[in-house]
Asker: 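Would you mind keeping the following structure in view while I ask a few things?
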2 protein chains.
Amino acid sequence: MFEFFAKYLVEKGGFTESELELVRQVTVSKKIRKSHYLLEEGKVSDFIGFVTKGAFRLFRKGEDGQEYTMKFAVENWWISDFTSFLSGEQSNCYIEALENSELMWFSRETWDHLIATIPNFRRMIDKLTARNFEAHQNRIFSNISEPADTRYENFVNSYPTLYNRIPLYMIASFLGITRETLSRIRKQAAQRKTTN
Amino acid sequence: MFEFFAKYLVEKGGFTESELELVRQVTVSKKIRKSHYLLEEGKVSDFIGFVTKGAFRLFRKGEDGQEYTMKFAVENWWISDFTSFLSGEQSNCYIEALENSELMWFSRETWDHLIATIPNFRRMIDKLTARNFEAHQNRIFSNISEPADTRYENFVNSYPTLYNRIPLYMIASFLGITRETLSRIRKQAAQRKTTN
DNA sequence: AACGGAATGTGACAATTGTCAATAGATTTA
DNA sequence: TAAATCTATTGACAATTGTCACATTCCGTT
């Protein structure tokens, strides 16, 4: 599956053949089965993964014991608890495989090495970080300014390869509503469609 | 007011005297009066500011025309629309001075120069970026997992130097509720306190 | 000090969302 | 394949939040 990752590096980072080779040499591929965890609360997220197959979610447990989905990741997405990765402290998140999945796996040491030795790599990650910042801003804005039905609509439009692949109750918690409410929102949306 | 900034650089970044001098040479101080704007929608946020006096808020206008506060900044905080700064594209935000304020003002060129020439500066900003990421995560988690009264309580506890200095309707929009709801939450909280 | 506008508080009611319970459908596992 | 588990939907009702209207307080300007 390295070729899948290589394609990404060429397209997003403009990597050359020799740069790709440098990355290949340190890339570890890892398979993980559905419902298994890549990370659990209390452990340090000392890796970064690039998803080549499957799907993941990152969630936290609330005071109420409920699971709140912070993020999804499918093919071509990066996955880690970056907060824990960057601070080196224990994570308060879980990362769960939602399907049988496969990823390119980078330890903290490997990651730092790539950043330090391949300028293109750092550039790519800096761009990614900026995009991430923007996405966070947009999500916060959505949360404070839009009603639930609009948030769901936006979610579907923003993640067309994602929304019909993931259990609805996870989407509900991602949006900050209950599964029942999401059910009703979807029903209303469907009715509006047939009426038009 | 550079001394105020210098203190920050020493405490947070461990800057040496000679490094401070390098920063001082390129630092521009800027005053701005209450209710004036540091940034308006449609312009590019091509600066980063460090607040040495006063207070700011960064907000976006929603579809409904309402203003939604994305962030506050008081003394010792950085202020900019980082999304626009990082992408170089037009901002969809406003930055408003909430009091007569003063800041250390860095153009994009100056900023890049500081990052490139002072390793300590980049290190400090990298740390800051990591903290920022964590803060975003926590806010999103708060938005999707906590009821409004808890969010307000957390806000007060998290920003003790801020919450009683800023109009309530701005706090309400920051939390994603209406001013009326915030009013009632505060009333209930006060009643609980006198009852105990 | 007085005025006017902005900000906050409050009541009545509407709309939205949550909770609980029951059911049906889908998927996994033995 | 069948049983068990997980997921999604729905109804009835409760709780929360929003909307609108108006009163009150606060604050800056003259």
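Note on naming: letters A, B, ... go to the chains in the order of the sequence lines (proteins, then strands), and numbering restarts at 1 for each one.
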Asker: Does any N or O in the side chain of B/T69 come within less than 3.5 Å of the main-chain N or O of B/S173, such that one atom is a donor and the other an acceptor?
Answerer: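 Not a single qualifying donor-acceptor pair exists.
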
Asker: If I take atom CZ from residue A/F47 and atom CZ from residue A/F85, how far apart are they, to the nearest 0.5 angstrom?
Answerer: 9.5 Å

Asker: What's the CZ-C1' distance between A/R33 and C/dT28, to the nearest Å?
Answerer: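 To the nearest whole Å, that distance equals 12 Å.
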
Asker: Assuming nearest nucleotide by heavy-atom distance, tell me which of B/K34 and B/D149 is located more 5' along DNA chain D.
Answerer: B/D149

Asker: Tell me: CG of A/L182 to C1' of C/dG18, nearest whole Å?
Answerer: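 To the nearest whole Å, that distance equals 14 Å.
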
Asker: Look at the side chain of B/L168 and decide which nucleotide, out of D/dA8, C/dG9, C/dT19, has an atom nearest to it.
Answerer: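 Among the listed nucleotides, the one closest to the side chain of B/L168 is C/dG9.
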
Asker: For C/dG11, does the base pair up with any side-chain atom of B/R184 as donor and acceptor (N or O, under 3.5 Å, distance only)?
Answerer: yes

Asker: If every non-hydrogen atom of A/I95 is compared with every non-hydrogen atom of A/D81, which pair is closest and at what distance?
Answerer: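 Smallest heavy-atom distance, with atoms named: CD1-N, 3.9 Å.
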
Asker: Does A/R179 have a side-chain nitrogen or oxygen under 4.0 Å from the phosphate oxygens OP1 or OP2 of D/dT7?
Answerer: no

Asker: Using the salt bridge (Lys or Arg N to Asp or Glu O under 4.0 Å) definition, which of the options A/R57, A/K71, A/R33 pairs with A/E96?
Answerer: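 Result: among A/R57, A/K71, A/R33, A/R57 is the only option passing the salt bridge (Lys or Arg N to Asp or Glu O under 4.0 Å) with A/E96.
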
Asker: What integer distance in Å separates A/Q188:CD from D/dT9:P?
Answerer: 13 Å

Asker: To the nearest Å, how far apart are B/E99 CD and D/dC27 C1'?
Answerer: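 That distance rounds to 14 Å.
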
Asker: If I take atom CG in residue B/D64 and atom P in nucleotide D/dT19, what distance separates them, rounded to the nearest angstrom?
Answerer: 8 Å

Asker: How many Å lie between CE on B/M170 and P on C/dA7, as a whole number?
Answerer: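 Roughly 7 Å, once rounded to whole Å.
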
Asker: Mapping A/A148 and A/E180 onto DNA chain C by nearest heavy atom, which one lands closer to the 5' end?
Answerer: A/A148

Asker: Within the 4.0 Å heavy-atom criterion, would you say A/I177 contacts the bases, only the backbone, or no part of the nucleic acid?
Answerer: sugar-phosphate

Asker: Counting side-chain heavy atoms from CB outward, which of C/dG9, C/dT10, D/dG11 is closest to A/K187?
Answerer: D/dG11

Asker: B/Q66 has an atom CD; how far is it from atom C1' of C/dA7, in whole Å?
Answerer: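 From B/Q66 CD to C/dA7 C1': 14 Å.
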
Asker: Give the rounded distance in Å between these two atoms: CD of A/E146 and P of C/dT17.
Answerer: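 Taking CD of A/E146 and P of C/dT17, I get 12 Å after rounding.
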
Asker: Look at B/T178 and D/dT17 and indicate whether a side-chain polar atom (N or O) is within less than 4.0 Å of OP1 or OP2.
Answerer: no

Asker: Of the nucleotides D/dG18, D/dA8, C/dT17, which has the atom closest to the A/T181 side chain?
Answerer: C/dT17

Asker: Is the terminal nitrogen or CZ of B/R165 (NZ for Lys, CZ for Arg) located under 6.0 angstrom from the six-membered ring centre of B/Y159 and within 45° of that ring's axis?
Answerer: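 Not satisfied by the 6.0 Å and 45° rule.
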
